[in-house]
Amino acid sequence: PGLAHFCEHMLFLGTEKYPKEDDYNEHLAKNGGMSNAYTAETVTNYFFGVKPEALESALDRFAQFFISPLFTESATERELQAVDSEHSKNLQQDSWRQSQLLRCAANPEHPLNHFMTGNSATLRDIPARDGIDVRAALLDFHSRYYSANIMNLVIVGRESPDALLDMAQRYFSPVLNHSASVPSEDEIGNGTSPFPSNRLARLVHVVPVNDVRSATFQFVLPGQKRWWRSKPTHYLAHLIGHEGQGSLLTALKRRGLVTELSAGTALDEAGVHVFSVSMMLTEAGEADLAALGDLLFAYIGLMRQAGPDKTLWNELQVVSDMGFKFRPLSDSVSTASGLAHALQEFDAEVALSAGTRLWDYSPETIKEMLDCLRCDTLRVVLTGKSHASICDAEEPWYGTKHSDNPLSAELQSRWASAGGFPDLALPTPNPFIAEDLALRPPAAGAHASFPTRLDLDAARAKQSASKSVVTAYFRKDEDFGLPTAACAFMFYCPYSTESIGHRMLAELWCGAVQEELNEFAYEAQVAGLSYSLQATSSGMMLSVGGYNDKLPKLLAAVAQKMAGLGEVPEHSYGITRTILERNLTNAAKRSAPYHQGFLLERCLNHTPAHTFHERLDALQPIEREALNGVNRKLLNRCHVECLLQGNLS
């Protein structure tokens with residue numbers, strides 16, 4: 001295990017043409033460049049960026065990775081330590097631990113059940129015990145799989161397409177074609193089922209590193225790559241993960257069971273797709289798995305009863321088309337790396353868009369996938385510190401404490417007939433989807449290179465108003481030609497700077513505003529709009545952005561809620577406090593050392609600034625009633641600076 005990842009590391013350490021180990025990286029560094037690589041389930045992706053004048057010389061060095069790497073004995077042991085260090089870094093990350101636990105749940109006879117990254121045990125100790133020469137294995141792996149017929153090359157440069165093609169042919173033609181044959185999708189495993197029936201209908205308890213409480217419902221479905229044009233699980237994820245009125249999340253929140261919910265793909269490899277519904281739990285939710293499943297399966301039943309909705313699918317298609325057409329331009333390195341990966345799965349004509357756009361409405365496939373959301377395709381994973389006493393197994397590579405038992409017949413029977421929740425409803429038409437995508441006419445006169453200050457005092461004088469407490473700047477976008485805008489408002493609030501207690505009240509209040517707006521703002525998020533309200537060391541920052549057509553509607557709703565939320569409801573306070581306390585606890589006690597270093601540097605050089613521990617301590621005594629009137633205390637004595645930029649007039 002880990003040989004593909006080890007091979008990736010070794011290719012950077014010298015080739016026959018350029019034998020010096022650091023030649024490639026030194027050349028890039030001298031020419032303003034960078035490089036990296038990653039090894040995924042079935043793909044290894046190498047990429048670099050460099051100043052245009054050095055592209056050709058960098059390509060020459062890069063091509064040698066795939067023509068004549070040295071794999072020197074001296075570099076092998078040293079780079080093995082680098083791979084082991086990379087694995088060690090991941091040992092305390094719950095995302096890596098959960099991913100490996102899912103793989104270990106697969107059929108032991110199937111390749112999906114394997115350890116991906118490798119460590120010193122798999123790449124040195126075990127091979128030494130078994131008499132395996134790792135360097136010889138590397139050479140064999142490279143000659144077998146680094147074959148031109150299964151490789152893709154993408155070059156992004158300022159040269160003409162013909163010139164770039166000439167470089168590709170000149171430097172990469174020597175890459176040998178070994179006529180490699182690599183299995184894909186259902187071919188992987190030679191017909192062995194990755195998740196036979198005895199690996200499903202399971203209840204798994206996990207002890208995490210961080211202080212989290214969660215429940216994840218993992219449904220094992222057929223691999224989805226064959227349906228890339230219709231993406232049926234995208235439709236399912238949109239409905240189950242919806243956060244608007246009548247949604248599963250809203251129903252769970254009202255019952256005090258969860259604080260957050262998401263739905264989507266956890267894994268899609270080897271002909272199997274794991275569709276995951278993840279819930280961040282309250283203490284009540286952690287103690288009531290049955291109720292979580294009741295609501296989830298009742299919502300799935302509602303979806304089955306209603307059947308696929310063409311109108312809703314059309315909305316998703318419109319949003320995906322707009323998202324693709326008006327997507328922000330990525331940098332050249334990301335473009336090259338992303339396209340090279342996409343070309344492993346899609347034809348060149350659709351490689352840019354296949355992963356995101358929707359082409360075909362296929363209600364039959366949606367129904368087929370919906371019918372797969374059953375208890376006999378399910379793994380329920382409960383994660384929390386409270387499960388330590390019942391977790392009697394240890395995953396071998398990350399040491400994750402867990403237990404894995406059959407899902408009780410009682411729960412399966414109960415969830416199979418779940419229903420009777422009148423507050424559950426499917427989404428209604430989205431009022432935030434942009435209709436006016438026209439670009440505003442250019443501003444009169446010369447195009448402003450920098451934002452200009454708006455004369456708000458003159459406008460307020462006409463209304464006999466007092467002097468404005470707002471300083472506003474505006475710049476019409478005439479560079480990118482997108483029907484989007486971004487607005488940022490910095491509130492300088494003396495109240496929040498007076499003490500750390502006031503700062504924490506501001507944090508809680510900002511979170512409560514967002515919680516109160518969640519149902520409303522989620523529709524905007526789906527339609528390509530976004531907003532953020534965050535407490536800062538000097539006050540608050542409000543940001544809104546997205547398609548400018550419906551942006552004023554979102555901004556007005558946020559402003560009205562800020563002005564009117566003088567008393568925070570109990571349910572919003574509870575959810576907001578739970579999330580904030582959990583995040584601060586994990587940041588204070590378990591964040592990476594370099595993150596702690598950045599924060600401490602800020603505390604030494606800025607005033608006011610507070611550590612995670614200080615904020616957590618200041619949060620403890622705060623009760624909900626302390627938030628009464630905080631909005632007025634923050635807003636009555638503040639100065640606002642704002643920047644409005646984009647497709648605006």
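Starting from 1, each residue takes its place in the sequence as its number.
- Note that the CG atom of Asp423 and the CG atom of Leu248 stand 10.0 Å from one another [nearest 0.5 Å].
- Counting heavy atoms from C-beta on, the side chains of Trp397 and Thr117 never come closer than 4.5 Å.
- With a 4.5 Å cut-off on side-chain heavy atoms, Lys401 and His387 do not count as touching.
- Taking 4.5 Å as the limit, some side-chain heavy atom of Leu292 sits within range of a side-chain heavy atom of Leu252.
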Candidate pair Glu286 and Lys385, rule salt bridge (charged side-chain N to carboxylate O under 4.0 Å, His left out), full reasoning: CA-CA 11 Å; Glu286 186 177 41; Lys385 297 285 190 180; over 6 Å; no
In sequence, state the C-alpha distance, the side-chain angles, and the governing distance for Phe12 and Phe48, and then conclude on ring-ring contact (aromatic ring centres under 6.0 Å, His included). CA-CA 12 Å; Phe12 287 83; Phe48 73 85; over 10 Å; no
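- Two residues are said to be in side-chain contact when any heavy atoms from C-beta on lie closer than 4.5 Å; Asn518 and Leu249 meet this criterion.
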Starting from the C-alpha separation in whole Å, work towards a yes-or-no answer on side chain to side chain contact (heavy atoms under 4.5 Å, CB included) for Ser530 and Gln525. CA-CA 5 Å; Ser530 64; Gln525 176 188 329; 5.8 Å; no
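- The shortest heavy-atom contact between Leu551 and Cys487 is CD2-SG, 4.2 Å.
- Under the 4.5 Å side-chain criterion, counting only non-hydrogen atoms from C-beta, Arg202 is not in contact with Val380.
- Residues Ala609 and Cys603 approach most closely at CB-CA, 3.7 Å, considering heavy atoms.
- Applying the ring-ring contact (aromatic ring centres under 6.0 Å, His included) rule to Tyr531 yields no partners; only residues at least two apart in sequence or on another chain are considered.
- Under a cut-off of 6.0 angstrom, the local environment of CG in Leu329 is sparse, with at most 12 non-hydrogen atoms contributed by other residues, nucleotides or ligands.
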Apply side-chain hydrogen bond (donor to acceptor under 3.5 Å, both in side chains) to the pair Glu243 and Thr250, showing each step before the final yes or no. CA-CA 6 Å; Glu243 299 182 16; Thr250 295; over 6 Å; no
In sequence, state the C-alpha distance, the side-chain angles, and the governing distance for Glu498 and Arg637, and then conclude on salt bridge (charged side-chain N to carboxylate O under 4.0 Å, His left out). CA-CA 12 Å; Glu498 289 172 353; Arg637 293 190 301 132; 3.0 Å; yes
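- Contact of the Ser214 side chain with the Met280 side chain is registered, since non-hydrogen atoms from C-beta on lie closer than 4.5 Å.
- A distance of 6.0 Å separates NE2 in His571 from CD1 in Ile575, rounded to the nearest 0.5 Å.
- Between Pro431 and Lys553, the shortest heavy-atom distance links the atoms CB-NZ, 3.6 Å.
- For Val526, the side chain to side chain contact (heavy atoms under 4.5 Å, CB included) test picks out His238, Asn430, Tyr522, with sequence neighbours left out.
- By the 30° and 60° cut-offs, the orientation of the rings of Tyr38 relative to Phe47 is tilted.
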Side chain to side chain contact (heavy atoms under 4.5 Å, CB included) for Leu316 and Val319? Distances and angles first, verdict last. CA-CA 5 Å; Leu316 294 176; Val319 171; 5.8 Å; no
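- Separation of atoms CG (Leu634) and OH (Tyr492) is listed at 15.5 Å; rounding is to 0.5 Å.
- Counting all heavy atoms, side chain and backbone alike, His639 lies closest to Val469 at ND1-O, 3.0 Å.
- To the nearest 0.5 Å, atoms OG (Ser337) and CG (Asn45) are separated by 3.5 Å.
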Let's go through Thr497 and His502 carefully: what are the C-alpha distance in whole Å and the side-chain angles of both, what is the deciding distance for side-chain hydrogen bond (donor to acceptor under 3.5 Å, both in side chains) to 0.1 Å, and is it a yes or a no? CA-CA 7 Å; Thr497 65; His502 288 183; over 6 Å; no
Chi angles and distances behind the salt bridge (charged side-chain N to carboxylate O under 4.0 Å, His left out) call for Arg103, Glu395: CA-CA 11 Å; Arg103 294 179 183 283; Glu395 188 276 320; over 6 Å; no
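- When each of Leu281, Val206, Thr383, Thr585 is paired with Val212, the side chain to side chain contact (heavy atoms under 4.5 Å, CB included) condition holds for Thr383 and for no other.
- Remark: Glu516 does not engage Lys253 in a salt bridge, criterion side-chain N to carboxylate O under 4.0 Å.
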Might you work through the side chain to side chain contact (heavy atoms under 4.5 Å, CB included) test for Thr216 and Val277, ending with a clear yes or no? CA-CA 6 Å; Thr216 303; Val277 182; over 6 Å; no
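- Within 6.0 Å of CZ on Phe324 lie more than 12 heavy atoms contributed by other residues, nucleotides or ligands.
- In this structure, Glu26 places its CD atom where more than 12 heavy-atom neighbours from other residues, nucleotides or ligands lie under 6.0 Å away.
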Please report the C-alpha distance between Asn647 and Thr484 in whole Å, then the side-chain angles of each, then the deciding distance to 0.1 Å, and finally whether the side-chain hydrogen bond (donor to acceptor under 3.5 Å, both in side chains) criterion is met. CA-CA 6 Å; Asn647 190 38; Thr484 60; over 6 Å; no
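- Using cut-offs of 30° and 60° on the angle between ring planes, the pair His273 and Phe275 is parallel.
- Remark: Met504 CE to Ser496 OG distance equals 11.5 Å, nearest 0.5 Å.
- Classified by interplanar angle (parallel below 30°, tilted 30° to 60°, perpendicular above 60°), the ring pair Tyr398/His87 is perpendicular.
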Set out, in order, the CA-CA distance, both residues' side-chain angles and the distance that settles side-chain hydrogen bond (donor to acceptor under 3.5 Å, both in side chains) for Thr39 and Glu8, then state yes or no. CA-CA 7 Å; Thr39 296; Glu8 169 213 311; 2.6 Å; yes
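- Taking the ring axis of Tyr573 as reference, the NZ or CZ atom of Arg577 does not stay both within 45° of it and closer than 6.0 Å to the ring centre.
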Intermediate values then yes/no, side chain to side chain contact (heavy atoms under 4.5 Å, CB included), Cys510 and Gln534: CA-CA 6 Å; Cys510 288; Gln534 301 292 332; over 6 Å; no
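- Scanning both residues, Ala512 and Val568, for their nearest heavy atoms gives CB-CG1, 3.7 Å.
- Electrostatic pairing of Asp294 and Arg255 does not count as a salt bridge here, judged by no charged N lying under 4.0 Å from a carboxylate O.
- Heavy atoms only, all atoms of each residue included: Ala215 and Leu382 are closest at CB-CD2, 3.5 Å.
- Under a cut-off of 6.0 angstrom, the local environment of CD in Glu641 is crowded, with over 12 non-hydrogen atoms contributed by other residues, nucleotides or ligands.
- When side chains are defined from C-beta on, Arg379 does not count as touching Phe219, because their heavy atoms never get closer than 4.5 Å.
- Atom CG of Asn631 sits about 9.0 Å away from atom CE of Met562, to the nearest 0.5 Å.
- Ion pairing between Arg624 and Glu570 holds under the 4.0 Å rule for side-chain N and carboxylate O.
- Within the 4.5 Å cutoff, side-chain heavy atoms of Phe491 are placed close to those of Cys638.
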Determine, stepwise, if the pair Asp84 / Lys89 fulfils salt bridge (charged side-chain N to carboxylate O under 4.0 Å, His left out). CA-CA 9 Å; Asp84 190 67; Lys89 171 181 65 69; over 6 Å; no
